[in-house]
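Remember, it's a predicted structure, so these values are computed and weren't measured experimentally. Below, read A as the first sequence line, B as the second, and so on, with proteins coming before strands; counting in each chain starts at 1.
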Number of protein chains: 2
Amino acid sequence: MNANYCPLDYTMNLIGTKWKPIVLFHLLEGAERSGVLQKKVPGISNKMFTQTVRELERDGLISREIYPVVPPKVEYALTARGKSLEAILKSLDQWGLEDKKGI
Amino acid sequence: MNANYCPLDYTMNLIGTKWKPIVLFHLLEGAERSGVLQKKVPGISNKMFTQTVRELERDGLISREIYPVVPPKVEYALTARGKSLEAILKSLDQWGLEDKKGI
DNA sequence: TAACTAAGCAACTTTTAGGTAAGTTATTGT
DNA sequence: ACAATAACTTACCTAAAAGTTGCTTAGTTA
């Protein structure tokens, strides 16, 4: 009962996982090839990376472009919807930076 | 390996759960008695509410004041550190509001 | 004296998130 | 012929998050 009763909850359901914000954050600088993006997220397993980008794509936050070459080449990029999270992602990052100082 | 390799990750470790942002959000308006606060978070179980406020208190984001009366009375409020999340919490809420429109 | 109250603890179960290891694909370089 | 490559997928497993139920406390009111 009562899922998404408030917008904040809705937002968290979209990006509130361990890896999603980090993946989105690293795409702020521009499109990335799959393997390169994954290496920017240290500690993520192959499975979780795939699962994370699948869901982000399904929710329209990132796009996925496949180049029909061998070996495969896939690029991910933020959609307009994904880019609209830029300020929030940077705020979260900035807040962490500031907060650490105060410990 | 590699926990908290970036500030965003650090932030998510502090507030990146299903309930924490919502509880913090509802405290933006001021201190609340435990039961009242809990009712503002529909769907949360008693256990998760207690666990959530315990962790937020442990991390210094909220304070807990106990009044030695019967039946018990407990009030929660944001600390300065918790208040510093105000802009982010409102941004997340606002983003959800805007994003829903576009669906 | 028994019910009621607000807060929250404890034991237990279920659900979800996340990790590991192996296999698949089609071409290119050796 | 065969290893190497990038980007997966699948099956299986563990760990963490969340839910459920029942209990405790001690004064107040019926």
Does A:Thr79 reach the main-chain N or O of A:Leu61 with its side chain, forming a donor-acceptor pair under 3.5 Å?
yes
When rounded to whole Å, the CZ to P distance for the pair B:Arg33 and C:dT5 reads 13 Å
Checking D:dA7, C:dG8, C:dG18 against the side chain of A:Met48 (C-beta onward), the nearest is C:dG18
Ranking A:Pro71 and B:Lys73 by the position along DNA chain C of their nearest nucleotide, the one closer to 5' is B:Lys73
Atom NZ of A:Lys20 and atom C1' of C:dG18 are separated, to the nearest Å, by 14 Å
DNA chain C nearest-nucleotide lookup for B:Tyr76 and A:Thr17: closer to the 5′ end is B:Tyr76
Smallest heavy-atom separation, A:Glu29 atom then A:Lys40 atom, equals OE1-NZ, 3.7 Å
Minimal heavy-atom distance between A:Trp95 and B:Arg81, with the atoms involved, is CZ2-O, 4.1 Å
Ranking D:dT9, D:dT20, C:dG19 by distance to the side chain of A:Thr50, first place goes to D:dT9
To the nearest angstrom, the CG-C1' distance between A:Asn46 and D:dC13 comes to 17 Å
query = Does B:Thr11 use its side chain to pair, donor to acceptor, with the backbone of A:Leu92 at less than 3.5 Å?
reply = yes
Margin query: Students often get this wrong, so: under 4.0 angstrom with heavy atoms, is B:Ser34 touching a base, only sugar-phosphate, or nothing?
Written below: sugar-phosphate
Whole-Å distance, B:Lys47 NZ to C:dC12 C1', equals 9 Å
Separation of C:dG19 atom P from A:Phe49 atom CZ, nearest Å, is 14 Å
Between CE of B:Met12 and C1' of D:dA16 the distance, given in whole Å, is 16 Å
Using a cut-off of strictly less than 4.0 Å, decide whether B:Lys18 has a side-chain nitrogen or oxygen near OP1 or OP2 of C:dT15. no
Atom CD of A:Gln51 and atom C1' of C:dT20 are separated, to the nearest Å, by 14 Å
**Prompt:** Reckon B:Arg54 has a side-chain N or O less than 4.0 Å from the OP1 or OP2 of C:dG8?
**Reply:** yes
To the nearest angstrom, the CD1-P distance between A:Ile44 and C:dG19 comes to 8 Å
- Charged N-O contact under 4.0 Å between B:Lys83 and B:Glu86: no
